[in-house]
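Residue numbers begin at 1 in each chain, while the letters A, B, ... track the order of the sequences.
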Amino acid sequence: MKEDVQKIIKNSLVSLQGRWGLDAIPEVEIEIPRDESMGDFATTVAMRLAKPLKAPPRKIAEEIVAEIEDLITHAPPIEKGGRWGFDIFENIEIAGPGYINFKLKNSYFYNSLYQLLEEEHSSLRSDIGKGRRVQVEYVSANPTGPLHIGHGRGAAVGSALCNILRAAGYSIQSEFYINDAGLQVKLLGRSVYARYQQASGNDVPFPEDGYQGDYIESIARDIREEEGEKYLNRTFEDCGEFFTDYSYKMMLANLETDLKDFGVIFDTWQSEKELHAKGMVQDALNTLKDKGLLYEKEGATWFSSSEFGDDKDRVIRKQDGEFTYFASDICYHKNKLDRGFDTIIDIWGADHHGYIPRVRSVLEAFGLPREKFEVILIQMVSLLRHGEPVPMSKRSGQFVTLREVIDEVGTDVAKFIFLTRRADSHLDFDIEVAKEQSSENPVFYVQYAFARISSLFRQAAEKHVLDADVEDQSAQRNVLKEKIRQVDFSLLLEDEDFLLMKKILLYPMVFEGAALSYEVNRITFYLQELASVFHSYYNKHRILTEDSNLSLARLSMCRAVQVVLEEGLKLLGVSAPERM
RNA sequence: GCGCCCAUAGCUCAAUUGGAUAGAGUGCCUGACUACGGAUCAGGAGGUUGGGGGUUCGACUCCUCCUGGGCGCGCCA
């Protein structure tokens, strides 16, 4: 819809360019005026041209409008295949300081609606990505404990973003990075080891800063069941590897299950340990060394990250000879580049923001342009119950897990709440509000619109507006689709008809904006707006009337609402139920 | 002390990336079907966009200073 208008303006600018003696024509920004009386679309391009042309914007606007009108008069006839050409405007006018406002013909809306119903979901996707390969890494929680609600937010945002980018024509790989090599997993192993020994009466001290949760004892119990007292009274140095391996693998399986139940599935899982084992960390560091970006100081090895805008250089190998975590991160990000991605997106908790400059340094050192690396920061989630903060501390093992949230409020509710906010703003998640107010929860408002339309189709079958089985939704939809060419859309003449059609047809613009800005919440807001316009329409106008032609036209429009709702909810990873 | 993020209606959040009169939900007040699902709808009240200055045709948006909050600033991960 937007593209059609944009194309016409651009054409007119191209013809005017020579007359004006302009080197380049600016980007044609199209927007939707707040006030509907101003038209369906507007462009500010005349105002943008005021400066380079040294002319009053209204005068420039007049020239553009004249040119567009000329183009329309001499436009080629409507292209074959039902695509409309240039003659789509009811009215063009200049307003305010130099806005050009466009009002579209009714027939344009009818035709667009028809197109949507013919092509359904495929018409709602785009190819702005042109198959470019993008890697999105998210969650990447340490496998040392269960996922908490903050991870859930990251998971919801990450998977929705992947869905959106895929639908926008990017080739996406989603990945979970497993920190299975560091001290943290060793500490996990030590904690389990201690509980195992204690359970058999061997009173070994529990490690300082060890993991406190019940799950530690549960793993220790599992080991006792499987291995008996085989490791009793053996030192950690002796059998620690077994405990560490067993424990983190168990936690990892647990993470994967929780994520799966949350509807989040990764394409790949990359192990940090494997990077070390294959010597890739050493290789990556050698590459940096060859570039002259490593040096020795005070017995440690440093990376000159400050050459790429970091505050200071960073240690990659400690005095004791051990690699720092940052060393594997260097390797990991080089590995991402080696896999040939065009763009790399990392989704981190906001508390890691200080890490951005050094990772960016790494990628730049390996030749990735600045703008090809994007970090999306997920702000903290404050968990509340009846407005009271729930204290969370991973160390003490006191926190609400994602699993509990899923069980208590459900995935659809949780995801929708996560995705209604911008990722970078704080979120108060009141678990009781999410649960108790479930009937007035925004997610149900949107789902209800979908279910209501499903119900309309059942009614239509009952009343033989559509000849299909009452309980067979897809049969009903197919019958409507077969009839779609005969539907007289011009019966949609009420103001509310146009409000709803415009909202439906707005979807591609919102979707594209969300994909380009990586802002998932735009989809969530749009879906609420669409549901709202639909509910309002439903209350004011009857869909199934005595007039079967009118009924078909309105039912078709409702079907279009349904297709868009389904598409949007699917991107968010939220279900679209036919009954609630 | 330095750096990053945030500050918008009582509360939770938006605002087409610099556009026209800043919008939703929730809460509060008043209303609506003898037909399609009331998990709905219509209306009302609610704002100096934290504060000052600047950039320009135009600022919630960009720059600068201040206030208040969150988070970082290890040879931890």
Set out, in order, the CA-CA distance, both residues' side-chain angles and the distance that settles salt bridge (charged side-chain N to carboxylate O under 4.0 Å, His left out) for A:Glu322 and A:Arg317, then state yes or no.
CA-CA 6 Å; A:Glu322 292 280 314; A:Arg317 187 170 213 159; over 6 Å; no
Find the partner of [N]: check Watson-Crick (N1-N3 plus N6-O4 or O6-N4) and G-U wobble (N1-O2, O6-N3) distances, both under 3.5 Å, and reply none if neither fits.
| N | result |
| --- | --- |
| B:G31 | B:C41 |
| B:C2 | B:G72 |
| B:C11 | B:G25 |

May I have the distance from [X] (atom [atom1]) to [N] (atom [atom2]), rounded to whole angstrom?
| X | N | atom1 | atom2 | answer |
| --- | --- | --- | --- | --- |
| A:Ile376 | B:C4 | CD1 | P | 20 Å |
| A:Leu384 | B:U12 | CG | C1' | 11 Å |
| A:Glu374 | B:C5 | CD | P | 13 Å |
| A:Arg421 | B:U26 | CZ | P | 13 Å |
| A:Asp351 | B:C76 | CG | C1' | 13 Å |

How far does the C1' atom of B:C11 sit from the matching atom of B:G47, given to the nearest Å?
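The answer is 15 Å between these two C1' atoms.
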In whole angstrom, give me the gap between the P atoms of B:A7 and B:C63.
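One P to the other, the span is 14 Å.
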Within a radius of less than 6.0 Å around CD of A:Glu371, do more than 12 heavy atoms belonging to other residues, nucleotides or ligands occur?
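Yes, enclosed.
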For nucleotides 29-35 of chain B, which of its nitrogen or oxygen atoms have a protein nitrogen or oxygen under 3.5 Å away, and what is each distance?
| unit_1 | atom_1 | unit_2 | atom_2 | d |
| --- | --- | --- | --- | --- |
| B:A35 | N3 | A:Arg542 | NE | 3.4 |

Stacking here means centres under 5.5 Å and planes under 30°; does A:Tyr99 stack on B:A20?
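So yes, this residue stacks on that base, both cut-offs being met.
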Identify whether any heavy atom of A:Asn101 sits under 4.0 Å from a base atom; if not, whether one sits that close to sugar-phosphate; answer base, sugar-phosphate or nothing.
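A:Asn101: base contact, heavy atoms under 4.0 Å.
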With heavy atoms under 4.0 Å as the rule, sort A:Ala50 into base, sugar-phosphate or nothing.
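Result for A:Ala50 = nothing.
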Which pair of heavy atoms, one from A:Asn441 and one from A:Ala434, lies closest together, and at what distance?
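Shortest heavy-atom separation between A:Asn441 and A:Ala434 comes out as ND2-O, 3.1 Å.
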Ring-plane angle category for A:Phe303 and A:Phe308, please: parallel below 30°, perpendicular beyond 60°, tilted otherwise.
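A:Phe303 and A:Phe308: parallel rings.
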Parallel, tilted or perpendicular: rings of A:Tyr295 and A:Trp302 (30°, 60°):
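The rings of A:Trp302 and A:Tyr295 lie parallel, inter-plane angle below 30°.
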Taking it one step at a time, do A:Gln184 and A:Asn179 satisfy side-chain hydrogen bond (donor to acceptor under 3.5 Å, both in side chains)?
CA-CA 8 Å; A:Gln184 296 303 316; A:Asn179 295 124; over 6 Å; no
Is it true that A:Arg385 and A:Asp430 make a salt bridge, defined as a side-chain N closer than 4.0 Å to a carboxylate O?
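Answer for the salt bridge query: no.
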For B:G38, does either OP1 or OP2 sit under 4.0 Å from a side-chain N or O belonging to A:Arg452?
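Yes, because at least one side-chain N or O of A:Arg452 sits under 4.0 Å from OP1 or OP2 of B:G38.
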Is B:U17 in the syn range, within 90° of 0, or in the anti range?
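For B:U17, whose glycosidic angle is within 90° of 0, the conformation is syn.
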